[in-house]
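A quick write-up on the structure given underneath.
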Amino acid sequence: MRTYLVTGGCGFIGSNFIHHLFNTYGEDIRVVNIDALTYAGNPENLKDIETRPGYRFVKADICDKDAVRKVFSEEDVDVVVHFAAESHVDRSILHPELFVKTNVLGTANMLNCAKEAWQLEEGPDPLGNFREGKRFLHVSTDEVYGSLPEDGGFFYETTPYAPHSPYSASKASSDFLVKAYMDTYHFPANITNCSNNYGPYQFPEKLIPLMINNALKGEKLPVYGDGKNVRDWLYVEDHCRAIDLVINKAKLYETYNVGGHNEKQNIEIVKTIIDVLREELPDSDPRKAGLSYDLITYVEDRKGHDRRYAIAPDKIHKDLGWLPETAFKEGIRKTVQWYFDHQDWMDHITSGNYMNYYKDMYGNRKEI
Ligand code: NAD
Ligand code: DAU
């Protein structure tokens, strides 16, 4: 039985990935989830999993050496899937140090503890010898590559790193640490750099769930700048399948870009959400009347706002046969439907500290 140590499993992608693992491998796996339950970690995301015999939750900070070491001493971990991070660019602009702590120091601690648990005293490799079958999958982002011009170009695995925000700089640093461990110790790892995900369980600070939540309440839809920044959107289950493939099929030390050739301007995303909500809500639903493009409000831009991201996923397609399976309109429809069906999930989040966050982030933002 293979044991996965997932960090940040109570967040958006981590919880989708744990669902993916149990749906795919059922009783044949064990999953240990280390999560500090920050504002972004929500145990409700794994309510249906928490009593499974193959699942264990450990509430701990990835920066806590003793706590992470203890998990490695209690479990024979085969694969680390490292999601835990501070993940929101806007928050990184306000609190950059927290991003350095979690994303850089936390990753360093995860690498050290895994290395300590997996390394062999002796072996043929002068750089390092590790137990058979061990692998550390570091989940990273396309934002490490910086910004592309509007009129063309793609991010390849060979594109030089040029991060702009404190978030992307901290993720780039964590990628470099993983690369350094691979080069220095032959530490068994891979890195994936993925584009923007969307789907169930995404915290409503991110564009798509924020717009769905505001639109359903008839509130303004705050679009930054001219709304023409481009992101490359991928349904979260397609990202989970890509990670699973890299763990099972990729050669160690390879890095893979993951993205769907699905570039959209932000304004297009917001309009699509309004259209889909109007299509899906029955005429009798009182929320439908207020749903129109008039809710769209252009506001002061994000500082250092990257203009365009676009992934070239050629390598993961060629090496591992991965392709996205969820068309954008279908993915948005499924996502909107999920948020309809989980209004209580959204209410639990938005009744807490979220309103303070929203006021701080958007209260003083000038309309333009
Ligand atoms: P998220 O913010 O939804 O979840 C992060 C999780 O990590 C939460 O459960 C949180 O409690 C936990 N966490 C944070 N700090 C921690 C700490 N110090 N110790 C232990 N747990 C901690 O993030 P997400 O959107 O699911 O992203 C997951 C990973 O994927 C991140 O590494 C992110 O950089 C990367 N990524 C995200 C996207 C995207 O579009 N969301 C795209 C590419 C890559
Ligand atoms: O590209 C991958 C990255 O995608 C991940 O590494 C990050 O963890 C994830 O948060 C995401 O970063 P972005 O900054 O691209 O995502 P966000 O949803 O915050 O914003 C998407 C775009 O929408 C961006 O151009 C900013 C814009 N935006 C966002 C919000 C929250 C708005 O116009 N209005 C908003 O209120």
Side-chain angles (χ1 to χ4, degrees), residues 6-17 33-43 45-46 58-64 67-68 81-93 98-99 101-103 105-107 109-110 138-145 147 155 163 165 167-168 170-171 174-175 192-199 201-211 214 220-234 236 239 243 257-259 264-267 269-270 296-302 305-311 358 361-362 365:
V6 174
T7 69
C10 295
F12 163 48
I13 309 176
S15 60
N16 276 283
F17 184 71
N33 171 17
I34 296 188
D35 196 301
L37 297 182
T38 68
Y39 79 91
N42 186 349
N45 296 0
L46 294 169
V58 179
K59 182 174 184 304
D61 189 323
I62 53 164
C63 301
D64 182 340
V68 176
V81 194
H82 180 38
F83 293 99
E86 288 293 334
S87 69
H88 191 37
V89 174
D90 290 328
R91 289 187 195 250
S92 83
I93 294 166
L98 177 57
F99 283 66
K101 180 170 178 285
T102 295
N103 299 359
L105 298 180
T107 299
N109 189 43
M110 288 306 303
H138 178 60
V139 181
S140 192
T141 170
D142 60 356
E143 300 202 11
V144 297
Y145 297 121
S147 185
F155 296 139
S165 71
Y167 163 69
S168 54
S170 68
K171 290 296 289 188
S174 67
D175 290 15
T192 51
N193 295 90
C194 190
S195 62
N196 286 63
N197 285 213
Y198 69 100
Y201 303 110
Q202 190 168 28
F203 193 88
E205 63 190 351
K206 307 282 165 56
L207 180 74
I208 289 181
L210 185 141
M211 294 299 166
N214 282 20
K220 288 179 181 175
L221 307 178
V223 173
Y224 297 166
D226 64 3
K228 293 186 179 162
N229 298 65
V230 171
R231 298 292 182 265
D232 180 357
W233 294 93
L234 183 70
V236 62
H239 185 192
I243 292 171
N257 282 357
V258 186
K264 306 271 179 221
Q265 290 185 339
N266 293 337
I267 188 64
I269 298 284
V270 176
I296 294 171
T297 311
Y298 289 91
V299 298
E300 204 180 322
D301 209 352
R302 174 184 277 175
H305 197 174
D306 286 337
R307 194 61 175 168
R308 175 173 164 257
Y309 303 145
I311 281 278
Y358 197 86
M361 193 60 77
Y362 295 91
R365 216 165 188 133

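Just so you know, ligand 1 is whichever comes first in the structure, and atom 1 is the first atom listed for that ligand. If you're wondering where the values come from, they're calculated on a predicted model, not measured in any experiment.
- A donor atom on one side chain and an acceptor atom on the other are not found under 3.5 Å apart for K101 and S170.
- Taking 4.0 Å as the cut-off, E205 counts as a neighbour of ligand 2 on heavy-atom distance.
- Of all the heavy atoms of K206, the ones lying under 4.0 Å from any atom of ligand 2 are found in both the backbone and the side chain.
- Close approach to Y167 involves these atoms of ligand 2, each under 4.0 Å from a residue heavy atom: 5 (C), 6 (O), 7 (C), 8 (O).
- Between H138 and T107, the side chains place no donor N or O within less than 3.5 Å of an acceptor N or O (distance only, hydrogens not considered).
- Closest heavy-atom approach to atom 9 (C) of ligand 2 among the candidates S165, S87, P209: S87.
- Between the side chain of T7 and the backbone N or O of A84 there is at least one donor-acceptor pair closer than 3.5 Å.
- Without hydrogens or angle criteria, R365 side chain to E300 main chain gives a donor-acceptor distance under 3.5 Å.
- The shortest N or O to N or O distance between Y224 and ligand 2 is below 3.5 Å.
- Within the 4.5 Å cutoff, the side chain of C10 has heavy atoms near those of the L37 side chain.
- For the pair E143 and ligand 2, the shortest N or O to N or O distance falls below 3.5 Å.
- Distances below 4.0 Å separate heavy atoms of H88 from the following atoms of ligand 2: 19 (O).
- Across all non-hydrogen atoms, the minimal contact from I311 to G259 is CG2-N, 3.5 Å.
- Using a distance-only test at 3.5 Å, with no hydrogens or angles considered, a donor-acceptor pair links the side chain of N193 to the main chain of T141.
- Atoms of ligand 2 found under 4.0 Å from any heavy atom of V223, numbered from 1 in the order shown, are 33 (O).
- Interface of D142 with ligand 2, defined as ligand atoms under 4.0 Å from a residue heavy atom, comprises 1 (O), 2 (C).
- Between the side chain of N257 and the main chain of F155, a donor-acceptor pair closer than 3.5 Å is present.
- When non-hydrogen atoms are compared, ligand 2 lies under 4.0 Å from the side chain of N266 (C-beta onward) but not from its backbone.
- Comparing L207, N193, V144 by heavy-atom distance to atom 18 (O) of ligand 2, the nearest is L207.
- Within the structure, ligand 2 has H305 among the residues with a heavy atom less than 4.0 angstrom away.
- Polar contact check, M211 against ligand 2: no nitrogen or oxygen pair lies under 3.5 Å apart.
- Residue contact check: V89 has heavy atoms under 4.0 Å from atoms 14 (O) of ligand 2.
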Legend entry - Worked verdict on Y39 versus F203 for ring-ring contact (aromatic ring centres under 6.0 Å, His included): CA-CA 9 Å; Y39 79 91; F203 193 88; 5.1 Å; yes
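- Among protein residues, G8, C10, G11, F12, I13, D35, A36, L37, T38, A40, G41, A60, D61, I62, F83, A84, A85, S87, T102, V139, S140, T141, Y167, K171, C194, S195, N196, N197 come within 4.0 Å of ligand 1, judged on heavy atoms.
- Remark: R231 qualifies as a cation-pi partner of Y309 under the 6.0 Å distance and 45° angle criteria applied to the six-membered ring.
- In this structure, the separation between CG on N229 and CZ on R302 is 8.5 Å, given to the nearest 0.5 Å.
- Of all protein heavy atoms, the one closest to atom 34 (N) of ligand 2 is P222 O, 2.8 Å.
- Residues N16 and F83 fail the side-chain proximity criterion, which asks for heavy atoms closer than 4.5 Å.
- Residue contacts with ligand 2 for S195 involve N, CA, C or O but no side-chain atom from C-beta outward (heavy atoms, distance under 4.0 Å).
- We find that E143 and K171 are not joined by a salt bridge, their nearest charged nitrogen and carboxylate oxygen being 4.0 Å or further apart.
- In terms of protein heavy-atom proximity, atom 16 (O) of ligand 2 is closest to N196 ND2, 3.4 Å.
- Near T141, meaning under 4.0 Å from any of its heavy atoms, are these atoms of ligand 2: 1 (O), 2 (C), 3 (C), 5 (C), 6 (O).
- Here OG1 of T102 is found 5.0 Å from CD of E86. Values are rounded to the nearest 0.5 Å.
- A donor-acceptor contact under 3.5 angstrom links the side chains of D175 and S140, judged on distance only.
- For the residue pair D90/Y224, the side-chain donor-acceptor check at 3.5 Å is satisfied.
- When K264, R302, Q202 are ranked by how near their heavy atoms come to atom 20 (O) of ligand 2, first place goes to R302.
- Every atom of ligand 2 is numbered from 1 in the order shown, and the set under 4.0 Å from a heavy atom of Y362 is 30 (C), 31 (C), 35 (C), 36 (O).
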